[in-house]
Undergrad: 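Got a structure here, written out as structure tokens. Questions coming.
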Amino acid sequence: MNLWNSLKISIAGAKLSHLVQKEQIWDHGSMIEQAKTIFYKVASTRSNGHIEDLKKYLTSSCYERLKNELEELESNEKKRVIINPVIREIAVIEVHAGKNNKPDCFTVFIKAVGIGFIPGKPQDLINYSDHIHEFTEEWLLCRQGDWWVLDEMKSMGG
């Protein structure tokens, strides 16, 4: 993690310690656990295609974007798919208390690793190390009632 992200984590932590005093939903540990839960559910959906299982974990706009991504993946055999991802690092890097009809939101930085392959292409499954793929993402989770749901996923590379 770079210095800029470390600074963002420190600022987010300071904001969180203030916000959690007002409302328990801002509990750092619970926020991280919710982000991890959604991450693994999204990963499962990307490999099995059962997007309906995700509906309660995503905003409607995020649900539609992911649904379109899965449909595109089925039609494009050259796109890399990551299976069995494992989170190596996860951190809250931004928090925003809601105002002006905008919901409470927070952003997490996720660094993960998984097995990458291209669907339909024969794979050499004997040497998995050739297929290991590291990637980073930033996810925006927004509050709906007493629940955090995924609103946006942004790939940062890998």
Side-chain angles (χ1 to χ4, degrees), residues 1-76 79-116 133-158:
M1 190 172 298
N2 65 31
L3 183 60
W4 177 242
N5 278 341
S6 296
L7 179 61
K8 289 168 80 174
I9 291 168
S10 296
I11 293 168
K15 286 183 179 179
L16 276 176
S17 61
H18 174 72
L19 290 169
V20 76
Q21 292 174 9
K22 295 180 180 181
E23 205 169 359
Q24 193 59 32
I25 195 161
W26 290 106
D27 173 66
H28 180 265
S30 299
M31 293 164 63
I32 290 289
E33 285 307 310
Q34 182 67 3
K36 284 181 180 179
T37 297
I38 295 172
F39 176 86
Y40 288 115
K41 288 190 177 295
V42 167
S44 176
T45 295
R46 283 180 168 151
S47 60
N48 69 26
H50 299 132
I51 192 164
E52 299 79 26
D53 300 343
L54 275 180
K55 215 166 199 161
K56 75 177 191 175
Y57 297 97
L58 309 176
T59 62
S60 57
S61 59
C62 187
Y63 179 85
E64 287 303 316
R65 284 190 303 272
L66 186 58
K67 185 176 174 185
N68 291 339
E69 175 189 318
L70 292 173
E71 289 169 359
E72 181 183 316
L73 189 60
E74 284 181 24
S75 66
N76 185 354
K79 193 165 185 174
R80 181 187 301 267
V81 176
I82 306 296
I83 59 170
N84 300 330
V86 175
I87 295 173
R88 291 267 173 98
E89 234 178 285
I90 186 167
V92 174
I93 59 171
E94 290 181 36
V95 295
H96 301 282
K99 59 183 170 182
N100 299 330
N101 293 328
K102 291 189 178 187
D104 296 334
C105 294
F106 71 96
T107 303
V108 290
F109 170 84
I110 301 170
K111 187 173 187 177
V113 63
I115 301 168
H133 183 73
E134 292 186 11
F135 60 98
T136 56
E137 296 183 347
E138 280 188 14
W139 283 19
L140 176 68
L141 289 94
C142 294
R143 181 178 177 174
Q144 286 186 353
D146 290 333
W147 192 251
W148 294 109
V149 294
L150 181 60
D151 187 48
E152 192 176 308
M153 298 177 282
K154 185 171 25 171
S155 177
M156 306 308 289

Undergrad: Checking salt bridge (Lys or Arg N to Asp or Glu O under 4.0 Å) for the pair Glu152/Arg65: CA distance, chi angles, key distance, verdict?
TA: CA-CA 9 Å; Glu152 192 176 308; Arg65 284 190 303 272; 5.1 Å; no
Undergrad: Could you check Ile38, Leu141, Leu150 and say which one makes a side-chain contact (heavy atoms from CB on, under 4.5 Å) with Tyr57?
TA: Ile38
Undergrad: For Ser60, what residues pass the side-chain contact (heavy atoms from CB on, under 4.5 Å) criterion, not counting sequence neighbours?
TA: none
Undergrad: Only pairs at least two apart or in different chains count here, so list each salt bridge (charged side-chain N to carboxylate O under 4.0 Å, His left out) that has a residue in residues 48-60.
TA: none
Undergrad: Any side-chain heavy atom of Leu66 sitting closer than 4.5 Å to one from Met153?
TA: yes
Undergrad: Decide yes or no on side chain to side chain contact (heavy atoms under 4.5 Å, CB included) for Val92 and His28, but give the supporting numbers first.
TA: CA-CA 8 Å; Val92 174; His28 180 265; 3.9 Å; yes
Undergrad: Please, which pairs that meet salt bridge (charged side-chain N to carboxylate O under 4.0 Å, His left out) have at least one residue in residues 90-100, sequence neighbours excluded?
TA: Lys8-Glu94
Undergrad: Looking at residues at least two apart in the chain, or sitting in another chain, which of them share a salt bridge (charged side-chain N to carboxylate O under 4.0 Å, His left out) with Lys67?
TA: none
Undergrad: What is the distance from atom CD1 of Ile110 to atom CE of Met156, rounded to the nearest 0.5 Å?
TA: 11.5 Å
Undergrad: Would you indicate whether the side-chain heavy atoms of Trp147 and Gln34 approach each other to under 4.5 Å?
TA: yes
Undergrad: Where do Ile87 and Tyr40 come nearest, in terms of heavy atoms and distance?
TA: N-OH, 3.0 Å
Undergrad: Using the test salt bridge (charged side-chain N to carboxylate O under 4.0 Å, His left out), find all partners of Glu33 that sit at least two apart in sequence or belong to another chain.
TA: Lys36
Undergrad: So, for Asp104 and Trp148, which heavy atoms are closest and what is the spacing to 0.1 Å?
TA: O-CZ3, 3.5 Å
Undergrad: Rounded to the nearest 0.5 Å, how far does NZ of Lys154 lie from OG1 of Thr136?
TA: 11.0 Å
Undergrad: At their closest point, which heavy atom of Arg46 faces which heavy atom of Leu70, and how far apart are they?
TA: CA-CD2, 3.8 Å
Undergrad: First locate atom OH of Tyr63, then atom CD1 of Ile51, and finally report the distance between them rounded to the nearest 0.5 Å.
TA: 5.0 Å
Undergrad: Describe, in one word, how the ring planes of Phe39 and Phe135 are oriented to each other, choosing from parallel (under 30°), tilted (30 to 60°) and perpendicular (over 60°).
TA: parallel
Undergrad: Name all pairs fulfilling the salt bridge (charged side-chain N to carboxylate O under 4.0 Å, His left out) condition that reach into residues 9-28, sequence neighbours left out, sorted by first residue then second.
TA: Glu23-Arg143
Undergrad: Where is the tightest heavy-atom contact between Thr45 and His50, given as atom of each residue plus distance?
TA: OG1-O, 3.6 Å
Undergrad: Taking all heavy atoms of Ala12 and all of Val95, pick out the closest pair and write down the distance.
TA: O-CG2, 4.0 Å
Undergrad: So do the side chains of Ile9 and Ile93 get within less than 4.5 Å of each other, counting heavy atoms only?
TA: yes
Undergrad: Heavy atoms only: give me the nearest Ser61-Asp151 pair and the separation to one decimal.
TA: OG-OD1, 3.5 Å
Undergrad: Would you say the side chain of Gln144 lies within less than 4.5 Å of the side chain of Thr59, judging by non-hydrogen atoms?
TA: yes
Undergrad: Any heavy-atom pair between the side chains of Phe109 and Thr107 that's under 4.5 Å?
TA: no
Undergrad: Counting only heavy atoms not in Asp146, do more than 12 sit closer than 6.0 Å to its CG atom?
TA: no
Undergrad: How about Arg88 and Glu134: do any of their side-chain heavy atoms sit closer than 4.5 Å?
TA: yes
Undergrad: Kindly indicate, with the supporting measurements, whether the criterion side chain to side chain contact (heavy atoms under 4.5 Å, CB included) is fulfilled by Trp139 and Val42.
TA: CA-CA 12 Å; Trp139 283 19; Val42 167; 4.1 Å; yes
